[in-house]
Trainee: 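Below you'll find the structure I mean.
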Amino acid sequence: MSEAGNVKVDGANQARVIAPGSTIGVLGGGQLGRMMALAGAPLGYRFVALDPVSDGPCGQVSAQIVAAYSDKDAAAQLAAQTDVITYEFENVDAEVAALLEERSYVPQGSRLLYTTQHRLREKAALEAAGATVAPYAAVTSEAELDAALRRLGTPSVLKTATGGYDGKGQFVIRDRSQVSAAYAELSATGAELVLEQFVRFQCEISVIAARSSNGETSTFPPAENIHRGGILHASIVPARVPAGVLAQAEQLAATIAESFGAVGLLAVEMFYGQDGKLYVNEVAPRPHNSGHYTMEACVTSQFEQHVRAICGLPLGAPDLRTPVVMVNVLGEHLEGVEALMLSPESAGSDLVRPKFHLYGKAEAKTGRKMGHINLLCGDVNDALAWIDEAGIWQSADKD
Ligand code: AMP
């Protein structure tokens, strides 16, 4: 084992160990970077975020370089100030990623970003890993969309291959008369398009897998995810699916992480179909909203696990300590939640213990993720009742 500063290179497998005391650079300054920094600090790591907005969620708890993500001088500065670099969003500029890889240590690499930035590349890689995805077709014209819809049937979902998130860049086609409208709306984005058959699912689940730079793999218990208006509303853990399906989902996520050669976290979103099969919807090579429940409910949080994985530390135990429901706090919920935090209900009851996480964002816009609450409980039904009774989340019921 040779040692250079804080960086130890293990001759056997070339995995570098980034020792506690080192500095981790984060491309992006949002809530994921913030929670990563808050989880890495007790392990002795320092953080520098690169983000165009000063005093954002991450900048409030770390050092920061205020510059555009595409600013190559700023990227070089980040490389000079840090021992390892990670990112907290997927749409990292390819040239900046290449520059950082050349000048610094980016254990996650840029290959996985290239794959997951594009739905068609992602689906091909998932199929190569042995996963099942919903039947799909690439679409480059209205005539192709019409032909693909005949083959895949209705309902199907037309999606942009790049740039979509939180249900944006999607059009559910329920009837062939909608072909022109769907094509006009999504082709106007200029992005490539993909048509996917609509999976009739019993529920949506996700698994956060972690793979360290030395190849160790670990998975967190699957979360059952409830979306409203295309945005994650709540995650329920344990997911209410048969034990065999939970085990299968964890195994599938681990296989995908290994097949992709992932380092760090890989969030795998799946549909649990009415036919009893698991269909992978999409993957994200970063901490994920549906893994926030791990912060108090697991022995190791997804954020600590990510830091351990990219630094080459042994992975922490992912065991679930208690059932939990995570509920997101969007802009429209913030006032209610802040009032609740000041009320006697803030500490919860013997049945439900709320743990509040606010991200420190300046502006509370509708649909913007402002925080989340982890509701620790003995029975997830008590936590779901708590959400109903709080009277803060009703307005979106009609979505
Ligand atoms: P995505 O941006 O791909 O994660 O899609 C957002 C949400 O739309 C998913 O969480 C599902 O609720 C729904 N959805 C997307 N694609 C499909 C599909 N092929 N079948 C059924 N529901 C889908």
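In what follows, residues are counted from 1 in the order of the sequence shown. Both ligands and their constituent atoms are indexed starting at 1 by order of listing. This one's a predicted model, so the numbers in the text were calculated from it and none came from an experiment.
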Trainee: Please identify which atoms of ligand 1 are closer than 4.0 Å to at least one heavy atom of Gln170.
Mentor: 1 (P), 2 (O), 3 (O), 5 (O), 6 (C), 8 (O), 15 (C)
Trainee: Kindly give the heavy-atom pair with the smallest separation between Ile85 and Pro107, and that separation in Å.
Mentor: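 Minimum heavy-atom contact is O-CD, 3.9 Å.
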Trainee: Please say whether Val157 places an N or O atom under 3.5 Å from an N or O atom belonging to ligand 1.
Mentor: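 No - when backbone and side-chain N and O of Val157 are compared with those of ligand 1, no distance drops under 3.5 Å.
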Trainee: Closer than 4.0 Å to some heavy atom of Glu204 - which atoms of ligand 1 meet that?
Mentor: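 So the atoms of ligand 1 that pass are 9 (C), 10 (O), 11 (C), 12 (O).
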Trainee: One residue to check: Asn225. Relative to ligand 1, which of side chain, backbone, both or neither has a non-hydrogen atom less than 4.0 Å away?
Mentor: neither
Trainee: Say whether Arg200 and ligand 1 are in contact under the criterion: heavy-atom distance to a ligand atom below 4.0 Å.
Mentor: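 No.
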Trainee: Taking 4.0 angstrom as the limit, do Glu296 and Arg353 come out as a salt bridge?
Mentor: no
Trainee: Charged N to carboxylate O below 4.0 Å: is that the case for Arg119 and Glu282?
Mentor: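 Salt bridge flag = yes for Glu282 with Arg119.
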Trainee: In the structure I gave you, are the side-chain heavy atoms of Val207 and Met270 within less than 4.5 Å of one another anywhere?
Mentor: yes
Trainee: Of the side chain and backbone of Arg119, name the one, both, or neither that has a heavy atom under 4.0 Å from an atom of ligand 1.
Mentor: side chain
Trainee: Could you tell me, atom by atom, which parts of ligand 1 come under 4.0 Å of a heavy atom of Glu196?
Mentor: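 Selected atoms, number and element: 16 (N), 18 (C), 19 (N).
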Trainee: Work out whether the distance between some heavy atom of Phe271 and some atom of ligand 1 is less than 4.0 Å.
Mentor: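 The answer is yes, since Phe271 has a heavy atom less than 4.0 Å from ligand 1.
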Trainee: So do Pro354 and Ser346 actually touch side chain to side chain, heavy atoms under 4.5 Å?
Mentor: no
Trainee: Report the residue from Phe356, Tyr293, Tyr359 that forms a ring-ring contact (aromatic ring centres under 6.0 Å, His included) with His372.
Mentor: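 Testing His372 for a ring-ring contact (aromatic ring centres under 6.0 Å, His included) against Phe356, Tyr293, Tyr359 leaves exactly one candidate, Tyr359.
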Trainee: Under 4.0 Å from a heavy atom of His227: give me the atoms of ligand 1 that qualify, with their elements.
Mentor: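 Those of ligand 1 that fall under 4.0 Å from His227 are 10 (O).
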Trainee: So, are Glu363 and Arg368 salt-bridged, with charged N and O less than 4.0 Å apart?
Mentor: no
